[in-house]
Amino acid sequence: MIKNNIKDIMDRQNKGIRGTARETGLAINTVSGLYHNTSKRVDFETLEKLCKHLKVSTGELIEYIEDEETPPEQ
């Protein structure tokens, strides 16, 4: 699964949704969707703007976590 860390990073840096949208030029709905983890996809330009604004790498914003294997049903 893909884990979205944007809310944690923004909270740690005391960055709000409105301020981040204004300072990055991203739509408030885009930032809000990522913050609340309701977005289904994100484009590279958005990731780049957030990385610059938050001074983090893409690997810090989002990360891949391997799903735990569920045993087959019998």
Side-chain angles (χ1 to χ4, degrees):
M1 92 174 171
I2 302 295
K3 183 170 187 296
N4 174 350
N5 296 313
I6 294 170
K7 179 184 184 323
D8 295 334
I9 295 167
M10 286 177 61
D11 288 351
R12 228 181 8 252
Q13 295 184 14
N14 294 316
K15 305 268 188 185
I17 294 170
R18 289 184 191 277
T20 297
R22 184 178 52 251
E23 293 173 24
T24 59
L26 295 169
I28 194 163
N29 290 343
T30 300
V31 178
S32 179
L34 291 166
Y35 182 88
H36 294 291
N37 202 23
T38 57
S39 295
K40 297 293 182 196
R41 62 185 60 105
V42 61
D43 65 32
F44 289 123
E45 184 179 348
T46 299
L47 287 176
E48 182 178 0
K49 288 179 179 185
L50 288 171
C51 285
K52 284 182 182 178
H53 177 69
L54 299 171
K55 297 177 177 62
V56 296
S57 70
T58 54
E60 292 171 275
L61 287 181
I62 55 174
E63 62 181 302
Y64 172 73
I65 299 173
E66 195 162 335
D67 292 332
E68 291 183 20
E69 301 252 348
T70 52
E73 293 183 26
Q74 296 186 20

Heavy-atom pair of closest approach, residues C51 and L61: SG-CD1, 3.6 Å
Separation of N37 CG from N4 CG (nearest 0.5 Å): 4.5 Å
Close side-chain approach of K3 and D8, heavy atoms under 4.5 Å: yes
Check: T20 main-chain N/O paired with T24 side-chain donor or acceptor under 3.5 Å: yes
Beyond-backbone contact of L34 with T46, side-chain heavy atoms, under 4.5 angstrom: yes
Between CD on residue E23 and CG on residue L50, distance to nearest 0.5 Å: 11.5 Å
Minimum heavy-atom distance K7-Y35, with the two atoms named: CB-O, 3.3 Å
Exercise: identify the closest heavy-atom pair between S39 and G33: OG-C, 3.1 Å
Side chain to side chain donor-acceptor pair (under 3.5 Å): pairs with one or both residues in residues 56-65, sequence neighbours excluded: N5-E63, S57-E60
Interatomic spacing from CD1 in I6 to NE2 in H36 - rounded to 0.5 Å: 12.0 Å
Atom pair NZ/NE2 of K15 and H53 - distance to nearest 0.5 Å: 4.0 Å
Close side-chain approach of R12 to I9, heavy-atom, < 4.5 Å: yes
CD1 on I28 to CZ on R18, rounded to 0.5 Å: 4.0 Å
